[in-house]
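Read through the structure below, which is laid out as structure tokens, and then see the notes.
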Amino acid sequence: MDKAYSPADIEQKWYQTWESSGHFAPSGEGNPYCILIPPPNVTGSLHMGHAFQHTIMDTLIRYHRMLGDNTLWQTGTDHAGIATQMVVERMLAAENKTRQDLGREAFVEKVWEWKEQSGGTITQQMRRLGNSCDWSREAFTMDDTCSNAVQEVFVQLFDEGIIYRGKRLVNWDPKFHTAISDLEVENKEEKGSLWHFKYPLANGATTADGKDYIVVATTRPETILGDTAVAVHPEDERYQSLVGKTVMLPLTNREIPIVADDYVDKEFGTGCVKITPAHDFNDYEVGKRHNAPLVNILTIDASIRDAAEAFDYKGQSLCDFDCSIPAGYAGLDRLTARAKIIADFETLGLLDSIKDHTLQVPRGDRSNAVIEPFLTDQWYVAVESLAKPAIEAVESGEIKFVPENWSKTYYQWMYNIQDWCISRQLWWGHRIPAWYDQHGNAYVARSEDEARSKYKLDANVELRQDEDVLDTWFSSALWPFATLGWPEKTKELETFVPSSVLVTGFDIIFFWVARMIMMTKKFTGEVPFKEIYITGLIRDEHGQKMSKSKGNVLDPIDLIDGIDIESLVAKRTSGMMQPQMAEKISKRTRKEFGEGIESFGTDALRFTFCALASTSRDINFDLGRVEGYRNFCNKIWNAARYVLMNTEEHDCGQSGGELTFSLADHWIQSRFQQTLQTYHKQIKDYRFDLASKALYEFIWDEYCSWYLELSKPVLTGEAFSDNEKRGTRYTLVSLLEQVMRLAHPMMPFITEEIWQRVAPLAGINGDTIMTQSFPLFDTNKVNQSAVDDLEWIKEVVLGVRNIRGEMNISPAKSVPLLMHNGSEIEHQRLIKNEAFLKSLAKLESIEWKQQGDELPVSATALVNQLELLIPMAGLIDVAAEKARLEKEVERLNKDKERCNAKLANPAFVDKAPEAVVNKERQNLAEVESSLAKLSVQIEQLESLA
RNA sequence: GGGCGCUUAGCUCAGUUGGUAGAGCAUCGCCCUUACAAGGCGAGGGUCACUGGUUCGAGUCCAGUAGCGCCCACCA
């Protein structure tokens, strides 16, 4: 074995072996255990969030596979409607083409080509991470099985009246020319103005204070062209007399009513609100109550139409309603129109005032364009009947959120859930299975033929399929059962619904989690998963969101393979939306990374993710941690090297020789069991941070730092018998082999590599560690007296090391040790374990001194009542030793004060549990005794000086 | 406006029925001792954001304050 662990040498090799072995597929035996991957965008690439969540999922999957469960990690990718279409349109734009140039069919063909070409990127990257998902079942949300499920669900929901079509206001994205759902709108606070305009009262009416106009305030002056009412609060005394009267809407010369509606806030603005039902969600509701017509003034680009259209609230066109667009406005972009409106009002003397105002601006989450409420025909899911069972599933505990608190977020949304707009005016996605006749009547069926027979349509009725596609999340919502073959009654459906746990981020609880619960409940009667483990979101080390524009993105593959600084800078500064940031990002990147990023390997990265997976909602990714865990991998590697060097070509008892176990052997076995107990518990609680910590501490602090050192005197010492040597060799290989199995789910590669070499020495045969059984906790293997005895040895060794360290005694120099004032138990421990003490503390001799024996001047350490004495005989600096002891005295005095204060408090002695009080008394006694001993030592040193 | 979360060592974070504060990285000192310098040994470093309450005892429970952050929501 090489002296340093080199992950690049082994990772790819093992992954290929595993994948071709077929072990990623369910074994068909044992309890079902299933995780559904949140399908990443098929044309995307792996980011830190994926890598994190996939690590968690793979750890669970490997763990359960080794526990003997029938384990399925259902993998696949999402067609990601808007995102993917955007990418391909951008590529076309580079050739000065639009999708319209190609036409629908050719464009969709192009997207499929792009999918074929780039669709493998993320799945290849997942392989680099070691993900053991069942690739043979890899699904895609646009493949035949999924499409079939989508169609089936749509038709069934339509037939039940849960899916309906309606003309309503939707969130319209004027850049992509499509409707989007409420969830895809991000409200951002932006600075704007509140314009105050005068609306002249019609027919000679006047306000209470004699004015012939009222003032309305608006943040969107361009919508004035669509105003069909002005609203005031019914109890607003300023305007009460005007209710029922009219104003003459400037520019359009349309007479519109003043209505009373308690939606209006008297305190805000002027207390008069212009009502534009076709371009504002609130105004729609107000307008509906007062039957104010809907006047649509915008085109799909959010420019002013040539001619406005008026509708009533049933979607019927109001041909007679006069809503002509004033001259000079047609075709203007909404912002240009806004400026013109303001200018025209000013010219007319109707601009009252302009005030600064911050407002919530709705923007599309993909396009970042300002979203317009827009009157269109769309398909909706009436979610109420679906939401109820979905809420109950969580309330009853059938589905459990981890951490539990996220259920509150879930409820909050579910209790207020709105109908879901599912149609999108895109080309890439599931085409809506609806056909229209010439009159616009819609027929929903699985195919045109079925539509004809289902609705008894004559053969000569011309039918045209709906042009729209479904929201991507519609097909994602079916993921838990569509991927398993629904609506066919497959064995997989039977076995793996509900799945065991969903691992995902809180950012898609509404988009995805809630909708999966609704749809899966509806169509299978089961919940989609029993637990939902919500992970934190990965941020950079200062808590900033990783983003291209901030230039702080880390690519998980770069952490695995390493990257030089020039490539990293190039990656971070290429293709920027704001090229002027490149300089700054380059500078910061160079400062932060110097030469670049080292290669840490997959296992180190995976272990880091596990170690960072605490319950917090944001996870700051600290590169220092990866480095630390890379070192951990190296530690494991070298421990294995040591074990193999001392066991290969030796009898390790694997074929039956007699074994005698040392105290150290019993101890490490016991500590391993305790580690197992912790690990199992923490994994059950999804505390990967604590599980990984238990693993780390056992391997580094116990197995390496103590046990391997304790094995040295046994293996090399002449005083040890063959049986004892064999016992220790057996323990070395057996523990290492078990530890590799324990660590495998988190660190699959290094554990496989080492296991392959060590397993035969432990008498175990198998093709791969990934199908070996996972070690289970066995209380019978815990030997508490061995643990106690070894703790004593550790304390003695630490005491001597402290003296050595502080007194600057060379680690190469052997020293004699005297033990004084020890108990009989300690004497026995010494007799049995002298070799361990001598070896670990580098002692030339150990002498047991009785009470009253003469003692030389020494450096001293205390282990409870036992005094450890290293005779000073010319090798120790008296002043330094005195200073060291005084520091100790100071520390003990503080303890003593605290103990005294507590015990002097009668309330403490009376009310605290007896055990606590006794413990405090015992502490005090020990501290006092220690202090007494130290003061004797100090006096002795002073007498020398 | 409603809901949620965070504040512990220089940095990134643990702290599980309340019982004398922990890790990694960073810092300081000594060591290339044949598993490992990506290492070993030793050391230093914290009024647990603030205020009050409950309690014999609070990082931990309760109330409030400040700062930071997230989500939802129709104030023109």
Side-chain angles (χ1 to χ4, degrees), chain A residues 1 3-5 182 187 194 216-220 223 231 263-265 267-276 280-286 357 359-360 405-406 408-409 411-413 416 506-507 509-510 537 541-543 598 600 604 611-612 614-625 627-646 681-682 685 687 689-690 693 696-697 701 704-705 708-709 712 798 801-812 842 887 894-895 898-899 902 905-913 915-917 919-920 923:
Chain A
M1 283 171 90
K3 208 169 164 181
Y5 174 54
D182 298 345
N187 287 305
L194 192 57
V216 299
T218 181
T219 54
R220 298 197 304 150
T223 62
Y263 155 72
V264 179
D265 177 355
E267 308 303 321
F268 189 88
T270 60
C272 295
V273 186
K274 59 190 269 321
I275 300 298
T276 321
D280 185 283
F281 290 102
N282 295 313
D283 291 5
Y284 182 92
E285 294 303 324
V286 175
H357 183 66
L359 68 163
Q360 298 286 325
N405 221 42
W406 287 109
K408 283 190 186 165
T409 305
Y411 292 138
Q412 200 203 335
W413 191 66
N416 300 300
F506 57 81
D507 50 333
I509 289 179
F510 307 145
L537 261 32
E541 72 274 28
H542 304 300
E598 285 178 83
F600 296 120
L612 292 175
S614 65
T615 55
S616 53
R617 49 198 301 165
D618 293 316
I619 291 168
N620 296 353
F621 191 86
D622 182 8
L623 208 60
R625 295 286 287 261
E627 191 173 346
Y629 296 125
R630 186 271 315 262
N631 296 352
F632 179 48
C633 289
N634 195 50
K635 190 76 182 176
I636 295 174
W637 185 256
N638 278 288
R641 271 184 70 214
Y642 168 81
V643 171
L644 292 170
M645 279 164 55
N646 285 287
K681 179 196 179 299
Q682 301 300 359
D685 292 343
R687 289 302 304 266
D689 56 334
L690 300 181
K693 192 175 170 212
Y696 181 95
E697 288 175 351
D701 300 337
C704 292
S705 293
L708 294 189
E709 294 307 320
K712 288 173 186 176
L798 290 173
R801 282 180 184 169
N802 178 270
I803 293 173
R804 282 178 170 282
E806 298 257 310
M807 303 302 295
N808 261 334
I809 301 171
S810 158
K842 186 96 179 160
K887 194 170 71 181
K894 272 188 198 156
D895 281 4
R898 208 196 42 251
C899 283
K902 263 191 163 177
N905 179 358
F908 173 72
V909 180
D910 289 349
K911 296 190 180 172
V916 174
V917 177
K919 199 181 152 203
E920 209 62 39
N923 274 348

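A, B, ... follow the sequence lines: proteins, then strands. Residue 1 opens every chain.
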Just to be sure I understand the rule, does [X] reach a base, reach only the sugar-phosphate, or reach nothing, if contact means heavy atoms closer than 4.0 Å?
X: A:R617; value: base
X: A:V264; value: base
X: A:Q412; value: base
X: A:A812; value: nothing
X: A:I509; value: nothing
X: A:S616; value: sugar-phosphate
X: A:F281; value: nothing
X: A:C272; value: nothing
X: A:Q682; value: nothing
X: A:L798; value: sugar-phosphate
X: A:F510; value: sugar-phosphate
X: A:R220; value: nothing
X: A:Y629; value: nothing
X: A:N620; value: sugar-phosphate

Quick one: is [X] getting a side-chain N or O under 4.0 Å of the [N] phosphate, OP1 or OP2?
X: A:N638; N: B:A38; value: no
X: A:N631; N: B:C36; value: no
X: A:K693; N: B:G22; value: no
X: A:K842; N: B:C41; value: no
X: A:K712; N: B:A35; value: yes
X: A:N405; N: B:G5; value: yes
X: A:H357; N: B:A76; value: yes
X: A:R625; N: B:A26; value: no
X: A:N416; N: B:A73; value: no
X: A:K635; N: B:C36; value: no

Margin query: Tell me whether the NZ or CZ atom of A:K635 lies within the 45° cone about the ring axis of A:Y696 and under 6.0 Å from its centre.
Written below: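 Cation-pi check for A:K635 and A:Y696: fails.
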* To do: Enter the distance from A:N638:CG to A:N631:CG here, rounded to the nearest 0.5 Å.
  =>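 So the gap between those two atoms works out to 11.0 Å.
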If we call it a pair only when both distances are under 3.5 Å in a Watson-Crick or G-U wobble match, what pairs with [N]?
N: B:C48; answer: none
N: B:G5; answer: B:C68
N: B:G24; answer: B:C11

In whole angstrom, give me the gap between the [atom1] atoms of [N] and [M].
N: B:G40; M: B:U34; atom1: C1'; answer: 14 Å
N: B:U16; M: B:C68; atom1: C1'; answer: 27 Å
N: B:U47; M: B:A43; atom1: C1'; answer: 23 Å
N: B:A58; M: B:C72; atom1: C1'; answer: 34 Å
N: B:G5; M: B:C75; atom1: P; answer: 24 Å
N: B:C61; M: B:G15; atom1: P; answer: 12 Å
N: B:A21; M: B:U54; atom1: C1'; answer: 22 Å

Considering only [options], which nucleotide approaches the side chain of [X] most closely?
X: A:P811; options: B:A35, B:G5, B:C31; answer: B:C31
X: A:K911; options: B:C56, B:U16, B:G24; answer: B:C56
X: A:E709; options: B:G19, B:A35, B:A14; answer: B:A35
X: A:S614; options: B:A35, B:C13, B:G5; answer: B:C13
X: A:A4; options: B:A38, B:U20, B:A76; answer: B:A38
X: A:H542; options: B:C36, B:G19, B:U12; answer: B:U12

**Prompt:** Would you call the rings of A:H357 and A:F268 parallel, tilted or perpendicular, where under 30° means parallel and over 60° means perpendicular?
**Reply:**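 Answer is perpendicular, since the angle exceeds 60°.
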Item checked: A:F600 ring center within less than 6.0 Å of A:Y629 ring center ->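 That pair fails the under 6.0 Å test.
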